[in-house]
Amino acid sequence: MTMKSQGWDLVVLSEPDYEHLVAELHFNGQLLLLLDREQGRDSLCVAFPDRSGQLGHRIPLDEFIERVKEAAADLKR
């Protein structure tokens, strides 16, 4: 399944009916991140590719979003 919108491209790599789902988020053809729910629907994680294209550490999505919000708030000061 693929969803495109203004440069954004979401590619779901497994069927939604499966317990473990993986999705890639691209912008203008570049992979930005991979989302997974390997530990359950309520435990989403995000991983980012390094320069070689390998995925780095998995980070809990909620924690990542909170840190991005904190950084944005600091920049707005």
Note to self: Would you say Leu44 ends up clustered with Ile65 if hydrophobic residues are merged whenever their side chains have heavy atoms under 4.5 Å apart, either directly or through other cluster members?
What the structure shows: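 Yes, Ile65 and Leu44 fall within the same hydrophobic cluster.
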Notebook entry, point to check: When clusters are formed by joining ILVMFWY residues with side-chain heavy atoms under 4.5 Å apart, either directly or through shared neighbours, do Val68 and Phe27 land in the same one?
Noted result: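 In one cluster with Val68: Phe27, yes.
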Next item on the list: Kindly write out the residues that satisfy side-chain hydrogen bond (donor to acceptor under 3.5 Å, both in side chains) with Asp50, not counting sequence neighbours, or none if the list is empty.
Entry: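 Once residues adjacent in sequence are excluded, the partners of Asp50 under the side-chain hydrogen bond (donor to acceptor under 3.5 Å, both in side chains) criterion are Ser52.
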Starting at [atom1] of [X], measure out to [atom2] of [Y] and round the result to the nearest 0.5 Å.
{"X": "Asp62", "Y": "Asp42", "atom1": "CG", "atom2": "CG", "result": "9.5 Å"}
{"X": "Leu13", "Y": "Glu24", "atom1": "CG", "atom2": "CD", "result": "4.5 Å"}
{"X": "Phe48", "Y": "Leu25", "atom1": "CZ", "atom2": "CG", "result": "9.5 Å"}
{"X": "Leu35", "Y": "Arg58", "atom1": "CG", "atom2": "CZ", "result": "10.5 Å"}
{"X": "Leu33", "Y": "Asp36", "atom1": "CG", "atom2": "CG", "result": "11.0 Å"}
{"X": "Glu66", "Y": "Lys69", "atom1": "CD", "atom2": "NZ", "result": "6.5 Å"}

Next item on the list: For Leu55 and Pro49, work out which heavy atoms get closest and say how close.
Entry: CD2-N, 3.8 Å
Item checked: Contact summary for Gly56 and Ala47, nearest pair of heavy atoms -> O-CB, 3.9 Å
Check: Is there a side chain to side chain contact (heavy atoms under 4.5 Å, CB included) between Val11 and His26 once you walk through the steps?
Finding: CA-CA 8 Å; Val11 180; His26 300 253; 4.1 Å; yes
Check: Is the closest basic N to carboxylate O distance between Glu70 and Arg67 below 4.0 Å?
Finding: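 Answer for the salt bridge query: yes.
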